[in-house]
*Asks:* 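One structure, pasted below without further comment.
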Amino acid sequence: MPHPPRRPSPPLLRRALQALLGLLALPFALAQEPAAAPPTAGHGSYTILHVAKSRRQTSDHSKFQVLKGPFKDSDGPAVTRACLTCHMKAAEQVMATSHWTWNIAKDGKDGFGKSTLLVNNYCISIIGGNTESCARCHAGYGFKDKSFDFTKPENVDCLVCHDTTGDYEKEKAGWPNPGVSLAEVAQKVGAPTLKNCGVCHFFGGGGDATKHGDLDDTILKAPRAEDVHMSRQGAGMDCIDCHASDAHKVGGPNYVVPADRREQAKFAGESVSRMSCAACHSDSPHKSYILNRHYQKVACQTCHIPTYARGTLPTNTFWDWASAGRLKNGRGYKEEDANGYEKYNSIHGEMIWARNVRPSYVWYNGTLKFTRLTDRITVPTDGRVILNPAEGSYTDPNAKIWPFKFHEATQPFDPILQRFVAPYTAGPKGSGAYWGDWDWDIAIQKGMATAGLPYSGQHSFVKTTMLWPVTHMVAPKEQALACTECHKRNGLLAQVPGFYLLGRDHGTGVDLLGFGVILLTILGVGIHGFIRFSHGRH
Amino acid sequence: MRRVVLYEGFERFWHWAQALLILTMMLTGFEVRGLGLHLFGFQRAVALHNILAVTLLVLIVFAIFWHITTGEWRQYIPTRKFLREMIAFYVTGIFKGAPHPVRKHRMAKLNPLQRLAYFGFKVLIIPVQVTSGALYYYYPNLQHALGWPPASLWVIAVVHVLGAFGLVAFLIGHVYLTTTGHTPLTNIKAMLTGWEELEDDAYFDET
Ligand code: HEM
């Protein structure tokens, strides 16, 4: 029986076939995961920042007669007067900023900042009589209570930000330590470095690493893995390289963020504040389109800061004011845990410290809703008040999933007036301060009187949580979160609501239905085949 | 009996390429879904799934072109003729060694049940899968541009996943039914080589 002639394939078709075959192999070639690259040194010293830095200084301050002094011990204002002979507008500029006012008044009255009615769950508040000791970090001289004159230019502290010697130190009310040679410091002023900002910002909450968890002075000597930007082995950047300033107004306060985070600068210098990663890195820095698209809903920090407190110092995660005041022989005492971290201190109560902490993740559009001492609080049924809940949700186009340090605490509360209270804590014996006399009622009474706020005379302790956005301590890219840290059943975003997430969500019963269908098919085919073959027919 | 080329070169290429693509897409799809497969790793699985999707689309475009230009698309027009007989054959006849109720022709190589199944496959399952997949991929853009409600991705995903399960079930049934030929491997051999022995047929006497 002759075979019918086979229709010859036209050469065009054959060529198309070959092309398609090639196309078929392409995906496998393209999908090769790049071999884990050896850790690189990042941009290192190649950044434009370093070029700019070496050119910043245009004069040698040691040549100026007016800075030779002599200055009396602690006479900061005299130095400031000398600075102002040339930098006539500097004090005026500083006085318009939050470093001076400690109050970013949005509405003209009580805004955000240390000297406002805001309440936190570390040291609670400065306005209950604690100003003098807290003002060690005020960019001025003599801020000890409400009577401080915020209009006096000579009270501006130029040196704390511009000292380059590292010898400058501040004491109570912000006065210079009398041991500091002011003339020497004044002759060597320069642009602020990590250290200048760090003397206050590394020590928030009263101690190194205590408050933020992503900022502490280990960054000064950190390996690149701790902070790719600020490590001297990394990009070697200073705070002001991102927190750029305009007329002494330093960019990037967290209390007031740009309304729309999407509209942020796309390249350095486009706006005064380089407070977005995209300002330098663009909004599509990955090779993968899919990774770049995460930008829409996921903050860079979420993946690139896998844990915070990655230095050698632990950050405070729990502060139990309720257990403060235990005494031994009438005196306060401290206890350390196995790691050498302070687990109890009579002046603070029990504390928990941790290193390498996984952040908590929440939707955040740049606004944290802060609590004030004057707010009436309804304690939720779980007994835990969130002092500054983050605003935002999946449907908010400005919101992204952000990493936060959740700081837990218990703190004094007025159960009758349903308000948080500001106790007077830092003061000597006999002053009524809690750390002197160990009596909450008196301390709160004093504090509230100083603050000019009512107090019912009764106090209780309430559990509180505060959210601290994590944004420093960016890790080398090799350490960024892997896809499956979130794209899996009980991954890091297990609790983040409002959207369907591949790998996390399965849709109720969908898999069950699917496997049911498959099982039935297999069963049907099995039975059919069994009968067929047992009947001796194929 | 005569040996004929039942499946042309392109058709065979298309068939096996599509099979390979869908199989890999199943594996990668179910891996990213988190159903316990760990073959490629999540990131590679996603990349592969998406690149394969584009490849599949290109293949589909070629296949449509081929079906139209060769007129082979007519082979998939569903018909009710002999449908009942076909069902009866699979339900009882096949066990008793009854003869196949319809003969394969070069120009009618699919029986009424196959026509129905492949027609459904081509106009329902594949389009649903492709469309839901494309919506899935472009969801971030669409959601942003059109202000879709948050639940829409869930809906897309559920459709896509049900389609995927459907494809698995289809594959199982399909592979099983290939074994119902003259010998269990006859049909698969035909799809591999193109050649199959058919009973003498008027169509081919003309060529
Ligand atoms: C042109 C066709 C297709 C397109 C465009 C497509 C696209 C997608 C996309 C964009 C995703 C989300 C994950 C990712 O980005 O890779 C996805 C997930 C998935 N795909 Fe496909 N796909 C297609 C075909 C298929 C086929 C043929 C199957 C299986 C037979 C399949 C099974 C799955 C499964 C199981 C998931 C996981 C869904 C979930 O858990 O939410 N897809 N697909």
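Quantities reported herein were computed from a predicted structural model and do not represent experimental measurements. Chain letters run A, B, ... following the sequence lines, proteins first and then strands; every chain starts at 1.
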*Asks:* Does any non-hydrogen side-chain atom of B:Val61 lie less than 4.5 Å from one of B:Val58?
*Replies:* no
*Asks:* Identify which part of B:Glu31 has an atom lying under 4.5 Å from any heavy atom of chain A, answering side chain, backbone, both or neither.
*Replies:*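 Contact with chain A is absent: no heavy atom of B:Glu31 under 4.5 Å.
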*Asks:* For the interface with chain A, which of B:Gly34, B:Pro150, B:Gly194, B:Ala151 has the highest count of heavy-atom pairs at distances below 4.5 Å?
*Replies:* B:Pro150
*Asks:* Only heavy atoms, only distances under 4.5 angstrom. Which residues in residues 518-526 of chain A are near chain B?
*Replies:* A:Ile518, A:Thr521, A:Ile522, A:Val525
*Asks:* If you count heavy-atom pairs under 4.5 Å between each of B:Tyr137, B:Tyr136, B:Tyr139, B:Tyr90 and chain A, which one has the most?
*Replies:* B:Tyr137
*Asks:* Taking the six-membered ring for Trp and the full ring for Phe, Tyr or His, determine whether the centres of B:Tyr176 and A:His528 are under 6.0 Å apart.
*Replies:*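 Yes; A:His528 has its ring centre under 6.0 Å from that of B:Tyr176.
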*Asks:* Got a list of side-chain donor-acceptor pairs under 3.5 Å for residues 480-503 of chain A, not counting sequence neighbours?
*Replies:*
from     : atom 1 : to       : atom 2 : distance (Å)
A:Glu485 : OE1    : A:Arg358 : NH2    : 3.3
A:His487 : ND1    : A:Leu502 : O      : 2.7
A:Arg489 : NH2    : A:His506 : ND1    : 3.1
A:Tyr500 : OH     : A:Asp505 : O      : 3.3
A:Tyr500 : OH     : B:Arg33  : NH1    : 3.4

*Asks:* Report yes if the side chains of B:Met191 and B:Asn187 come closer than 4.5 Å at any heavy-atom pair, otherwise no.
*Replies:* no
*Asks:* Does B:Tyr138, at its OH atom, have more than 12 non-hydrogen atoms belonging to other residues, nucleotides or ligands within less than 6.0 Å?
*Replies:* no
*Asks:* Just jot down the ring-ring contact (aromatic ring centres under 6.0 Å, His included) partners of A:Phe515, sequence neighbours excluded, or say none.
*Replies:* B:Phe165
*Asks:* Can you name the side-chain contact (heavy atoms from CB on, under 4.5 Å) partners of B:Phe170, sequence neighbours left out?
*Replies:* B:Tyr118, B:Phe121, B:His174
*Asks:* Is there side-chain contact between B:Ile172 and B:Val168, with heavy atoms separated by less than 4.5 Å?
*Replies:*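 Result yes, sub-4.5 Å side-chain heavy-atom pair found.
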*Asks:* If I measure from the heavy atoms of chain A, does B:Val46 come under 4.5 Å with its side chain, its backbone, both, or neither?
*Replies:*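 Contact with chain A involves the side chain of B:Val46 alone.
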*Asks:* Tell me which of these, B:Val91, B:Leu56, B:Asn141, has more heavy-atom pairs under 4.5 Å with chain A than the rest.
*Replies:* B:Asn141
